Amino acid sequence: MMKNIGIIIEMDDGKVKETNFGMITMARAKNVRVFAFIMNADAAGIKEDLESFGVTDIIEVCLAPDLQNNPVIRAKAIINAIKEYHISMVFGLSTAMGKDLLPRIAALLDSPLVMDCFYVDFDQKIVRTSQYSGKTIATIKVTGEVSVFGIRPNAIEPVKVQGTARILRFDSSLLVAKGFRVLKTGGTDKDTSASLAEAEVIIAGGRGMKNSENFNLLSQCAQKINAAVGASRVAVDSGWVPYSMQVGQTGEKVSPKVYIACGISGSIQHFAGMKTSGMVIAINTDENAAIISNCDYYVVADALEIIPALTKILGTD
């Protein structure tokens with residue numbers, strides 16, 4: 001029996017975020033039709049990108065111009081589309097947007113919700129996610145007509161396929177907001193938790209960075225390798241960087257391809273937030289630091305000397 005899977009696509013400056021493609025790859029399976037929901041975006045402009053990863057139907061959800069940023073309206077519009085196209089599973093990224101939108105959809109549908117999934121079995125309705133600070137893997141079986149899953153960014157490598165997608169317009173411009181009004185919206189800087197969650201490369205600093213000014217060294221290096229900048233809880237508690245940059249049990253959970261830990265001891269709490277990284281590189285003056293035992297490569301040295309040298313090697317723009 002054919003299953004219809006709905007994917008909520010996140011955009012960035014008019015382009016499809018790269019992390020969507022891994023989620024779409026995960027959604028592809030035998031007897032599965034992949035529907036991509038986009039809201040107030042140019043469907044024709046992103047059609048080629050989406051169909052090259054296996055999307056079969058692009059649903060252009062149209063909202064009233066003054067309600068485009070209202071999460072309640074967005075959730076209701078997606079729910080109406082889910083019902084219209086007989087969607088049995090809904091995927092969205094476990095990002096800031098996903099954590100706001102997916103629980104609303106699940107609550108209004110009275111459907112099961114599991115966030116931060118890295119594996120989905122469509123036939124059995126079984127997903128896997130990490131729990132207890134990453135110490136264990138939970139295998140969860142859900143029931144119900146519609147299941148809602150938040151997919152961990154970078155959980156699966158994107159793989160292209162040959163295919164074509166049709167564009168369908170779904171008008172939700174008549175939806176009315178009741179009891180919820182967005183007063184103000186604004187952009188975020190490049191060091192927010194959202195960019196951390198989706199980054200393929202993260203360079204993070206801890207106690208060894210010594211002060212807030214030295215985090216500029218990480219930012220300069222990050223620009224050369226298109227990386228996001230993170231931090232340990234020590235750096236955040238010391239007031240050197242904002243909480244939005246914290247990686248760890250009480251911060252952001254990340255899964256980059258490469259994680260560079262600079263002056264970070266590697267406590268259990270920090271490791272819980274980045275243990276699913278593809279490769280971990282540590283720079284620390286203490287060869288007995290916990291991070292050394294949990295990394296792929298390390299150098300016993302001062303990050304304040306190594307990082308500027310690395311930035312210099314990477315060259316100037």
Side-chain angles (χ1 to χ4, degrees), residues 4-17 19-20 23-24 27 33-47 49-50 55-117 142 144-151 153 165-188 192-195 197-198 244:
N4 293 341
I5 308 300
I7 307 288
I8 300 175
I9 300 298
E10 293 195 20
M11 306 290 293
D12 186 14
D13 293 329
K15 297 181 180 180
V16 179
K17 287 184 178 181
T19 42
N20 287 284
M23 179 169 58
I24 295 171
R33 195 169 187 88
V34 181
F35 290 72
F37 296 130
I38 64 169
M39 288 175 276
N40 293 305
D42 179 16
I46 62 176
K47 177 178 181 292
D49 287 337
L50 293 177
V55 169
T56 55
D57 301 84
I58 301 172
I59 311 302
E60 191 174 15
V61 181
C62 302
L63 305 176
D66 60 333
L67 296 175
Q68 291 180 10
N69 294 313
N70 188 309
V72 174
I73 292 297
R74 290 163 71 90
K76 289 181 177 179
I78 292 295
I79 288 172
N80 290 341
I82 288 169
K83 295 177 179 178
E84 176 72 19
Y85 297 103
H86 307 290
I87 302 298
S88 59
M89 282 189 184
V90 181
F91 283 11
L93 292 169
S94 285
T95 58
M97 172 182 159
K99 292 172 183 176
D100 183 30
L101 186 58
L102 295 174
R104 295 179 189 275
I105 292 172
L108 292 171
L109 284 174
D110 194 22
S111 295
L113 167 70
V114 184
M115 297 296 290
D116 204 33
C117 303
V142 300
E145 293 184 5
V146 181
S147 306
V148 184
F149 301 128
I151 306 301
R166 60 175 179 166
I167 298 176
L168 302 171
R169 190 174 186 275
F170 189 77
D171 189 3
S172 297
S173 60
L174 297 181
L175 286 174
V176 178
K178 294 182 179 179
F180 191 102
R181 184 161 58 99
V182 177
L183 299 178
K184 183 179 180 181
T185 61
T188 56
T192 62
S193 58
S195 65
E198 301 174 74
S244 61

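Here the structure is a predicted model, which means the values were calculated and not measured.
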- Message: side chain to side chain contact (heavy atoms under 4.5 Å, CB included) for Ile8 and Met39? Distances and angles first, verdict last.
- Response: CA-CA 9 Å; Ile8 300 175; Met39 288 175 276; 4.3 Å; yes
- Note on the structure: Smallest heavy-atom separation, Ala27 atom then Ile5 atom, equals CB-CG2, 4.1 Å
- Item | Pairs touching residues 105-116 that satisfy salt bridge (charged side-chain N to carboxylate O under 4.0 Å, His left out), sequence neighbours left out | Asp116-Arg152
- Message: Please check: side-chain N/O of Ser111 versus main-chain N/O of Val146, any donor-acceptor pairing under 3.5 Å?
- Response: yes
- Minimum-distance pair of heavy atoms, taken over all atoms of Lys47 and Ala165: CE-O, 2.8 Å
- Item | Check against side chain to side chain contact (heavy atoms under 4.5 Å, CB included), Leu63 and Asn70 | CA-CA 10 Å; Leu63 305 176; Asn70 188 309; over 6 Å; no
- Note on the structure: Taken in chain and number order and not counting sequence neighbours, the residues that satisfy side chain to side chain donor-acceptor pair (under 3.5 Å) with Thr19 are Glu198
Indicate every side-chain donor-acceptor pair of residues 73-89 with a distance under 3.5 Å to a residue at least two apart or in another chain.
{"unit_1": "Arg74", "atom_1": "NH1", "unit_2": "Gln68", "atom_2": "O", "d": "2.9"}
{"unit_1": "Asn80", "atom_1": "ND2", "unit_2": "Lys76", "atom_2": "O", "d": "3.4"}
{"unit_1": "Ser88", "atom_1": "OG", "unit_2": "Asn4", "atom_2": "O", "d": "3.4"}

- Set of residues satisfying salt bridge (charged side-chain N to carboxylate O under 4.0 Å, His left out) with respect to Asp57, sequence neighbours excluded: Arg33, Arg166
- Item | Pairs flagged by salt bridge (charged side-chain N to carboxylate O under 4.0 Å, His left out) wherever residues 96-108 is involved - sequence neighbours left out | Lys99-Glu252, Asp100-Arg104
- Residues which pass side chain to side chain contact (heavy atoms under 4.5 Å, CB included) with Arg181, listed by chain and number, not counting sequence neighbours: Leu183
- Does the side chain of Ser173 reach to within under 4.5 Å of the side chain of Cys62, using non-hydrogen atoms? no
- Taking the side chain as every heavy atom from C-beta outward, state whether Cys117 and Phe91 have any pair of such atoms under 4.5 Å apart. no
- Query: With a 4.5 Å heavy-atom cut-off, do Val148 and Pro103 have their side chains touching?
  - Reply: no
- Please confirm whether the backbone N or O of Lys17 pairs with a side-chain atom of Asp12, one donor and one acceptor, at under 3.5 Å? no
